[in-house]
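Here is the structure we will look at.
Atoms within a ligand are numbered from 1 in the order they appear, just like the ligands themselves. Note that the coordinates shown come from a computational prediction; the quantities given were computed from them, not determined experimentally.
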Amino acid sequence: MSHARRLGASLLLGALALAGCSQGTTGTAPVSSAPATQAAASPTAEVPPRFAAGGVRIALVRQLSSGDYFEQWLAGAQAEAKGLNVTLEVSSGDGNNDKQALNLEQAVQQKVDAIIVDHGFADTVQPAIKKAADANIPLVAFDVDPGTPKAVAISQDDHQIAELALGALRADTGGTGDAIYVYVAGFAPLDRRNEVWTQFKKDNPGIKEVAQIGVVNNSTASAVADQAKAALQANPGVKAIFAPYDEFAKGAAIAVKELGLQDQVKIYGADISTADIGVITEPGSPWVATATTDPSNVGRIAVRAAALLVAGEQVGPELKVPPALVTQKQLRDGGIANIEQLTAAIPALTTPDVARVPWAAS
Ligand code: SR1
């Protein structure tokens with residue numbers, strides 16, 4: 001192992017050790033997540049020749065691309081790729097799982113230097129992921145079960161995302177009241193958040209789920225708005241909506257406002273964007289809390305992890321990005337109107353030590 005690689009590996013091990021002190025895990029494998037504060041750093045290693053020459057190609061194979069979350073995530077991934085002098089070849093299934101699987105097959109055939117699989121259903125992406133693993137193509141899987149330990153699995157801490165949002169819901173409702181839940185099965189992050197909701201209902205019998213709604217497509221927010229409107233009209237006593245995806249929360253907010261129920265019904269969501277901050281902080285908004293990472297930071301981490309693998313560094317096998325709870329009151333009181341102001345107010349949302357690249361400044 002070269003000096004640069006040894007250094008990179010030791011930095012990663014340091015991050016893993018810190019993470020082990022501060023975060024729970026979902027399994028026995030070591031999980032890297034961010035310490036509370038992380039300083040910007042100068043490069044500590046030489047740029048590997050392949051990166052200096054600009055010949056590294058990383059395929060980003062996405063299931064979904066529309067909506068604030070996925071747009072910000074891509075912007076972060078592209079910015080990191082540019083900084084690392086990597087060509088990022090982006091494809092999207094646009095919600096069509098067969099198309100995503102085909103895109104993945106093509107990336108394997110093209111012998112790219114690494115592949116990032118962003119979301120996807122296990123049964124459609126795992127066959128091609130196995131081919132990539134058999135061909136020794138470095139793999140990063142974000143929000144999808146890759147089905148192989150050869151891939152570095154990245155997720156946000158989805159259990160914590162749900163716990164933070166539901167903690168706010170419980171505090172506001174006093175643990176009693178009718179609730180609407182927005183969920184679509186099959187998406188790994190939503191399934192993990194659903195595990196927490198299932199347990200939450202057992203632990204808080206005063207919270208009654210009176211309706212479950214949900215759809216994920218290219219116009220999720222407006223589809224959820226229609227469903228939420230019908231569910232609210234059928235259940236006039238609802239006090240809370242648990243909508244743990246920002247497109248769900250935006251849709252729920254449209255419904256609540258259209259029905260004039262904003263004084264009665266509050267929304268507890270996930271994710272954030274500058275547009276979401278606008279929705280949360282507008283006068284009379286029912287969306288009162290969201291548990292979130294910075295999506296562009298997560299996209300950056302995925303590209304860094306792939307670059308490290310290309311350079312032969314050890315990563316993972318699992319990286320978990322910790323979220324923070326962001327409340328309407330905090331945004332309004334702090335005069336926070338965009339993501340830049342939010343990340344300045346909550347530095348823990350930026351995690352340069354997760355999959356830090358030793359030859360790059362952060
Ligand atoms: C359809 S899955 C949507 C979720 O994926 C990411 O994990 C985001 O947090 C979003 O909530």
- Task: Do me a favour and list the nearest non-hydrogen protein atom to atom 5 (O) of ligand 1 with residue, atom name and distance?
- Result: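 Here the nearest protein heavy atom works out to His119 NE2, 2.8 Å.
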- Query: Where is the nearest protein heavy atom to atom 6 (C) of ligand 1: which residue, which atom, and how far?
  - Reply: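 I find the closest protein heavy atom is Asp143 OD2, 3.3 Å.
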- Query: If you take all heavy atoms of Arg332 and Ser285, which pair is closest and at what distance?
  - Reply: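 For Arg332 versus Ser285, the nearest heavy atoms are NH2-N, 4.0 Å.
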- Item | Which atom of Ile207 lies closest to which atom of Thr176, heavy atoms considered |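 Closest pair (atom of Ile207, atom of Thr176, distance): CD1-N, 3.8 Å.
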- Query: So which bit of Pro189 gets within less than 4.0 Å of ligand 1, heavy atoms only: side chain, backbone, both or neither?
  - Reply: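 The answer is the side chain.
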- Under 4.0 Å, heavy atoms only, figure out whether ligand 1 is touched by the backbone of Glu247, its side chain, both or neither.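 Neither; nothing of Glu247 gets under 4.0 Å from ligand 1.
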- Query: Considering only heavy atoms of Asp271, which atoms of ligand 1 have at least one such atom less than 4.0 Å away?
  - Reply: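 It comes down to these atoms of ligand 1: 8 (C), 9 (O), 10 (C), 11 (O).
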- Task: Identify, by atom number and element, the atoms of ligand 1 in contact range of Phe187, meaning under 4.0 Å from any of its heavy atoms.
- Result: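 Once the distances to Phe187 are compared, the set is 1 (C).
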- Between Lys250 and Asp68, does at least one N-O distance fall below 4.0 Å, as a salt bridge requires?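 Salt bridge present between Lys250 and Asp68.
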- Query: For the residue pair Trp197 and Phe200, does the interplanar ring angle fall in the parallel (under 30°), tilted (30 to 60°) or perpendicular (over 60°) class?
  - Reply: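 Because their plane-to-plane angle is under 30°, the rings of Trp197 and Phe200 count as parallel.
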- Give a yes or no on whether the backbone of Ser296 and the side-chain of Asp294 come within a donor-acceptor separation of less than 3.5 Å.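 Flag set: sc Asp294 to bb Ser296 pair under 3.5 Å.
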- Task: Work out whether the distance between some heavy atom of Arg193 and some atom of ligand 1 is less than 4.0 Å.
- Result: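 True for this residue.
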- So among Phe142, Phe187, Tyr245, which one has a ring-ring contact (aromatic ring centres under 6.0 Å, His included) with His119?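 Filter result, single survivor: Phe142.
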